[in-house]
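Notes for the one structure printed next.
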Amino acid sequence: MSTLLPVPSRISHLAAQTPQQREALRLRGLERLELLDTPPDPALDDIVQLCAEVCQVSAAAISIVRRDTVWFKASVGLQAADMPRSEAPCDETIRANDLFTIPNAAEDEQYAEHGIRIGARGFQFYAGAPLITADGSAVGCLCIYDDQPRDLDEVEANTLRTLAQNILTRFELSLRLRSNEREARTRQRVEAALTVERNFVSAVLDTVGALVVVFDTAGRVVRFNRICETISGYPVEEIVGHTLWDTLVPPSDRAEAIDSFARLREGSFPAEYEDRWLTRDKTSRLIQWTATALTDGHKDVAFIIATGIDVTMQREAEETLRESEARYRQLIEGSLGAVFTHDQRGMLLSINSYGAENLGYTVAEMLGRPLAGFLQEEDRSSFGIYLRHLVQTGEAQGTFDLCHRNGTPRILAFRNRLIESNTGERYALCFAVDITEKVRAEERLLRLTQQSNSILDSVGDGILGMDLDGACTVCNPAAAQILGYSEEEIATVVLGNNLHQLVHHHRADGRVYPEKDSPILQAAREHKAVRISSDVFWRADGTSFPVEYVACPITENGDVTGIVVAFTDTTERSALDRMKDEFVSTVSHELRTPLTSMRASLGLIASGALATRPDKQDQMLQIAIGNTDRLVNLVNDILELERIGSGKAELHYNSASADTLVKNAAELLAASAAKAGISFRFQLQPVLAWVDSERIVQTVTNLISNALKFTAAGGTITLSTRSVGSNETQIQVTDTGRGIPPEKLEHIFGRFQQVDASDSRTMGGTGLGLAICRSIVTQHGGRIWAESEVGKGSSFFINLPAKPSSNLR
């Protein structure tokens, strides 16, 4: 049995952490101490030996608890170097965070069989003191083992605690010593590197081919390299500590030099400038400088470094070059293009009058300025690419997008060549032609083409173009869609192939249509548009469709160069015309019949012929009233149907009990059913529907009313409600009437449709009831259909959403 010896209580900040968090913190502490895989420490060996002797045990060890194993940093009486953490009592010691003992392993459940096994040896006694770091995590323990069971007395317990604390102090001291050694080595390396760096900088400054001068913020010279001494003729000792405008800059240029330095000190870097030096032998040298700043830790300017080159010879060569160019100026000035030269940095060396005036400048205003400065602002960043290409290949051609003085763009097509002068200097000889108007014309043409293409793409009619050989040259998306071709097939199947063979090869009756008889070619022969209102074109799948088309010749300078055909698929128009004719015919019949009857009845009454026969006169009035009601119902049904179809009939949805809606509809017709001797049978389940209650009652009432008309006395009408799946509710109206033939089941939902043409006379009604029912159900997102067996009756089904569509899953 293991025991935790009583010690003064300690409050650990780890108590609130999870075991995983404590273990992660412990492993980080172990890593910080740098204990793993380190060489033996004689001082630690001495502590282990002392611990074994004081406690009079056969073995002792400093155990470092790693992630999966326990490693013995120092040990006495043990042959193994480590052991699995799962088998080591050290794991319980670091978790206990205090002295932990196993007085008798035989009484401990984990170690009862073999004792505490370390290598081939089994111990019966164990005691360990945790090695706890300053942050409260235990990285290991000082532990003792013995072959016989025993108890740990107070002296031995205090010895373990004291030695454990000394071990941890030793760990921290070793870590601090190693850190100090590393810091010392790092400091030595940095100092050595700085020495090498200083020597290297001095060597570079004295061997580099450029002039290098370092100034402090007052303008005094701090460094003055060897090439500066060579060019100026002054030794460094006479320059350092003084300003250049007091030593080398000519008196006439000193004010400008002081201003330039002030701008450098206050401005952005890097910066470029030039100044002149008056050397010891009184010769003048032109120096071109590039300056940048060295900043301190606060990002304030501490020193200014300027690197320069002596451009005296270069400028003299440039001057010589300009003088030689004067011999050719007359020839260049007479050119109708821009002729100019620039150096390898892009600075304009010369330009003819035409080139300058074309941009709104004089020659003098452009010379010495960078060519990039005349480019459009968005193109200046690419000028460097042009210069590099010119230098690398010796030639360059393309266009410059220049900016006229008044802000208008000018486009110049150029072809430039790199030339080497007798002095070895290289410059670009450039010839450019203003193509602004040409480019603008091309852009206008492109815009017109794009506009034409956009128009073609947006037109709903099909548009086809063909040349005089009959090959298709144009096919807009609408034409491809109507003819059944994909976008990919336009290029591979349509364009370039004979248009007549593609769409006009046969007549409507299937006879071959000779190309010479096509009205489309007539437009080319007669130089006028041809309009055809009734013809057929053929689709890619071999089906035909009625079209109306116009063929117009395309003329150029009075000559016909092709034909454009604009066509419309008239299939839907023909169907609408037929529907309109049928509607007018039906409505006319439905209006004429009751009006004729009303006119006859009212005529008899108005003539006085029935004055002596009041019963007959009442009969005629009832006929007139009945037909008036029929007309009112017809007009109301037509208006209702059109209102629903146009979306003007707004629905007010709510969650309603479908069985209640069916009962309400039945109650409205209960009196009519009783009068006809027909009974209702209800098979209603309590289900909900997401509907406009008033509209659904209207629909069910129409269905029950139809059932009453076609059910004989003594018959039954069954009304049912049920759930269909989790998202739909079904209403069913079943009668025991004469039934509906199969071919009429879908037909009856059309406008002015009856199962039998005589039904409108014998049964009454407008033939619009079921059409209104379908419109209402469809507006709800539902479905209505009929099933019937002739002679046995019919069933009408309505499926409606059980809940809002946004909740359907």
Rounded to the nearest 0.5 Å, what's the gap from CG on Asn166 to CG on Leu142? Could you check?
10.0 Å
Taking Ala210's backbone N and O only, do any of them form a donor-acceptor pair with Asn225's side chain (distance below 3.5 Å, no angle check)?
yes
Please step through salt bridge (Lys or Arg N to Asp or Glu O under 4.0 Å) for the pair Arg121 and Asp147, ending with a clear verdict.
CA-CA 9 Å; Arg121 191 172 178 182; Asp147 298 319; 3.0 Å; yes
Non-hydrogen side-chain atoms of Phe224 and Pro235 separated by less than 4.5 Å
no
Rounded distance (nearest 0.5 Å) linking atom OH of Tyr273 with atom OG of Ser260
7.5 Å
Decide yes or no on side chain to side chain donor-acceptor pair (under 3.5 Å) for Gln49 and Glu53, but give the supporting numbers first.
CA-CA 6 Å; Gln49 183 67 42; Glu53 293 175 356; 3.1 Å; yes
Mind checking the OG-CD spacing from Ser720 to Gln683? Nearest 0.5 Å is all I need.
4.0 Å
If you round to the nearest 0.5 Å, how far is CG of Asn654 from OG of Ser693?
4.0 Å
Measure the shortest side-chain to side-chain distance between Arg22 and Thr18 over non-hydrogen atoms and say whether it is less than 4.5 angstrom.
no
Give a yes or no answer on whether the side chain of Thr699 reaches the backbone of Arg695 with a donor-acceptor pair at less than 3.5 Å.
yes
Got a second to check how far Leu44's CG is from Ile62's CD1, nearest 0.5 Å?
4.5 Å
Any donor-acceptor pair under 3.5 Å from His780 side chain to Asp692 backbone:
yes
Between Thr69 and Val65, is there a donor-acceptor pair closer than 3.5 Å when you use the side chain of the first and the backbone of the second?
no
Here the gap from Glu34 atom CD to Leu36 atom CG, rounded to the nearest 0.5 Å, amounts to 10.0 Å
So which heavy atom on Ala61 is nearest to which on Phe72, and how close?
CB-CD2, 3.9 Å
Count the heavy atoms of every other residue, nucleotide or ligand shown that sit under 6.0 Å from CZ of Arg67, and state whether that count exceeds 12.
no
Checking Thr778 side chain against Ser775 main chain: does a donor-acceptor pair fall under 3.5 Å?
no
Is the closest side-chain heavy-atom distance between Ile116 and Gln110 below 4.5 Å?
no
Side chains of Val213 and Cys228, heavy atoms from C-beta outward: is any pair under 4.5 Å?
yes
Give the minimum heavy-atom separation between Ile704 and Ile717, together with the two atoms involved.
O-CD1, 4.3 Å
Between Arg85 (side chain only) and Arg66 (backbone N and O only), is there a donor and an acceptor less than 3.5 Å apart?
yes
Is the backbone N or O of Leu684 less than 3.5 Å from a side-chain atom of Thr721, with the two atoms forming a donor-acceptor pair by type?
no
Glu488 meets the side chain to side chain donor-acceptor pair (under 3.5 Å) criterion, sequence neighbours left out, with Ser486
On a heavy-atom basis, which atom in Met83 and which in Ile118 lie closest, and how many Å separate them?
SD-CG1, 3.9 Å
I would like to know whether Glu183 and Arg176 meet salt bridge (Lys or Arg N to Asp or Glu O under 4.0 Å); could you show each step before the answer?
CA-CA 10 Å; Glu183 290 176 2; Arg176 191 171 296 110; over 6 Å; no
Tightest non-hydrogen contact, residues Leu661 and Val691, listed as CD1-CG2, 4.0 Å
Would you find a donor on one side and an acceptor on the other, under 3.5 Å apart, between the side chain of Glu107 and the backbone of Asn104?
no
Looking at Thr101 and Ala127, what are the two nearest heavy atoms and their distance?
CG2-CB, 3.7 Å
Near Glu378 CD, under 6.0 Å, is it more than 12 heavy atoms from other residues, nucleotides or ligands?
yes
With the side chain counted from C-beta on, respond yes when Ile144 and Phe125 share a heavy-atom pair under 4.5 Å apart, and no when they do not.
yes
At their closest point, which heavy atom of Ala60 faces which heavy atom of Val48, and how far apart are they?
O-CG1, 3.3 Å
Could you walk me through whether Arg150 and Glu156 pass the salt bridge (Lys or Arg N to Asp or Glu O under 4.0 Å) check?
CA-CA 12 Å; Arg150 55 168 292 184; Glu156 293 169 337; 2.5 Å; yes
Do Ile94 and Leu131 make a side-chain contact, defined as non-hydrogen atoms from C-beta onward lying under 4.5 Å apart?
no
Report yes or no: does Arg26 contribute a side-chain atom to a donor-acceptor pair with the main-chain N or O of Gly136 at less than 3.5 Å?
no
Neighbour count above 12 (heavy atom, 6.0 Å) for Gln481 CD
no
A quick test of your reading: do over 12 heavy atoms of other residues, nucleotides or ligands sit less than 6.0 Å from CD of Glu31?
no
Does any N or O in the side chain of Arg117 come within less than 3.5 Å of the main-chain N or O of Ala120, such that one atom is a donor and the other an acceptor?
yes
Any residue meeting side chain to side chain donor-acceptor pair (under 3.5 Å) with Arg722, in chain and number order, not counting sequence neighbours:
Gln730, Gln732
More than 12 foreign heavy atoms under 6.0 Å from CD of Glu694: is that the case here?
no
Could you walk me through whether Phe215 and Phe261 satisfy the ring pair (Phe, Tyr, Trp, His ring centres under 6.0 Å) test, starting with their C-alpha distance in whole Å, then the side-chain angles of each, then the deciding distance to 0.1 Å, before giving a yes or no?
CA-CA 10 Å; Phe215 305 93; Phe261 185 82; 5.6 Å; yes
Could you check whether any side-chain heavy atom of Val139 comes within less than 4.5 Å of a side-chain heavy atom of Leu27, counting everything from C-beta outward?
no
Would you mind reporting whether Ile47 and Ile167 have side-chain heavy atoms less than 4.5 Å apart?
yes
For residues 133-192, the ring-ring contact (aromatic ring centres under 6.0 Å, His included) pairs (sequence neighbours left out) are Phe123-Tyr145, Tyr126-Tyr145
If you apply the rule side chain to side chain donor-acceptor pair (under 3.5 Å), what do you find for Thr734 with Ser795, and how did you get there?
CA-CA 4 Å; Thr734 301; Ser795 293; 2.8 Å; yes
For Arg226, I'd like to know if atom CZ has over 12 heavy atoms of other residues, nucleotides or ligands within 6.0 Å.
no
